[in-house]
Amino acid sequence: MKTRIFTLVIFSLLLSIGVGSCSKNEFNPEDYATSWLTGEYGKNKLWKLNVTVNGQPTEDYDYVRFESGLLVTGKFRFVNVIPGEKRKEFKDIPLTGTEEGVLFTIEYEKNHKPVTIKGTVTLGEMTVDITM
């Protein structure tokens with residue numbers, strides 16, 4: 001009986017050491033940064049979105065989905081935010097960290113006319129200014 005208990009205790013210890021050595025103990029800054037700013041920003045969302053079009057505030061928008069790992073580049077999905085576009089996605093947009101938050105600028109052409117989207121992402125809030 002003592003041999004069985006001793007064997008069971010040793011086996012349990014070896015099993016716990018083996019499982020513990022396979023776990024991820026390394027700090028990954030991408031996991032940490034992603035958890036703070038990645039999400040959906042909108043007027044009816046937990047994280048707020050403020051949108052201006054040509055300098056005028058607007059209430060006619062849905063949300064922006066923002067994703068970033070190390071806050072070097074970001075992926076944006078604008079859903080009913082850009083006038084005349086139901087859904088527009090941008091990948092690998094350069095981000096700049098400042099004291100005010102993470103800044104971004106997106107430039108593209110729509111119907112041969114330039115569109116510029118400038119914005120700031122902070123914890124719980126995104127500001128977007130669209131110039132058409």
Side-chain angles (χ1 to χ4, degrees):
M1 182 71 171
K2 288 182 181 180
T3 309
R4 278 189 180 170
I5 292 174
F6 179 72
T7 305
L8 185 60
V9 169
I10 295 297
F11 181 74
S12 297
L13 287 173
L14 290 174
L15 184 61
S16 65
I17 290 170
V19 170
S21 66
C22 294
S23 67
K24 181 181 173 185
N25 293 327
E26 298 173 11
F27 173 72
N28 185 350
E30 185 170 347
D31 293 341
Y32 182 75
T34 300
S35 66
W36 283 98
L37 296 179
T38 292
E40 290 183 358
Y41 295 77
K43 61 183 172 187
N44 297 321
K45 304 279 184 186
L46 179 63
W47 291 354
K48 299 299 174 200
L49 175 64
N50 301 307
V51 178
T52 60
V53 178
N54 295 324
Q56 299 297 317
T58 183
E59 293 293 323
D60 189 26
Y61 60 86
D62 282 340
Y63 69 91
V64 175
R65 172 79 184 162
F66 171 70
E67 297 176 21
S68 181
L70 295 173
L71 300 176
V72 175
T73 62
K75 178 180 174 183
F76 294 84
R77 181 185 318 131
F78 292 84
V79 178
N80 291 326
V81 174
I82 304 169
E85 305 236 18
K86 286 230 176 254
R87 180 178 167 151
K88 185 76 172 172
E89 291 192 29
F90 302 95
K91 296 180 182 180
D92 300 323
I93 301 300
L95 304 174
T96 305
T98 67
E99 291 180 4
E100 292 82 31
V102 178
L103 306 177
F104 64 91
T105 300
I106 302 169
E107 297 177 324
Y108 73 103
E109 279 193 11
K110 178 182 173 191
N111 298 329
H112 304 292
K113 295 183 181 177
V115 178
T116 303
I117 303 170
K118 292 185 177 188
T120 306
V121 182
T122 60
L123 184 59
E125 188 171 356
M126 179 185 290
T127 303
V128 174
D129 181 34
I130 302 169
T131 305
M132 304 179 83

For Val121 and Phe104, which heavy atoms make the closest approach, and how far apart are they?
CG2-CE2, 3.9 Å
Listed once per pair and sorted, the side chain to side chain donor-acceptor pair (under 3.5 Å) pairs that draw on residues 100-117, sequence neighbours left out
Glu85-Tyr108, Thr98-Glu100
Please collect all salt bridge (Lys or Arg N to Asp or Glu O under 4.0 Å) contacts where either partner lies in residues 70-80, sequence neighbours excluded, each pair once.
Arg77-Glu89
Rounded to the nearest 0.5 Å, what separation is found between the CD1 atom of Ile82 and the CD1 atom of Ile117?
3.5 Å
Sorted by chain and number, sequence neighbours left out, side chain to side chain donor-acceptor pair (under 3.5 Å) with Lys45 holds for Glu40
Who clusters with Leu103? Use side-chain heavy atoms, under 4.5 angstrom, across I, L, V, M, F, W and Y, and order the result by chain and number.
none
Hey, quick one: are Tyr41 and Val79 part of the same hydrophobic cluster, counting side-chain heavy atoms closer than 4.5 Å, chains of contacts allowed?
no
Check whether any side-chain heavy atom of Phe78 lies under 4.5 Å from a side-chain heavy atom of Ile106, and answer yes or no.
yes
Which atom pairs, one a donor and one an acceptor, fall under 3.5 Å between side chains of residues 56-66 and the rest of the protein, sequence neighbours left out?
unit_1 : atom_1 : unit_2 : atom_2 : d
Thr58  : OG1    : Asp60  : N      : 3.2
Tyr61  : OH     : Leu49  : O      : 2.6
Asp62  : OD2    : Asn80  : ND2    : 2.7
Arg65  : NE     : Glu67  : OE2    : 3.4

Can you see which heavy atom on Gly74 is nearest to which on Ser68, and at what distance?
CA-CB, 4.2 Å
Please list every donor-acceptor pair under 3.5 Å in which a side-chain atom of residues 122-132 meets a protein atom from a residue at least two apart or in another chain.
unit_1 : atom_1 : unit_2 : atom_2 : d
Thr122 : OG1    : Glu125 : O      : 3.2
Glu125 : OE2    : Asn50  : ND2    : 2.6
Asp129 : OD1    : Thr52  : OG1    : 2.5

In Å and rounded to the nearest 0.5 Å, what is the CG to CH2 distance from Leu37 to Trp47?
6.5 Å
Nearest-0.5 Å distance that lies between atom OG1 in Thr120 and atom CG in Leu95:
11.0 Å
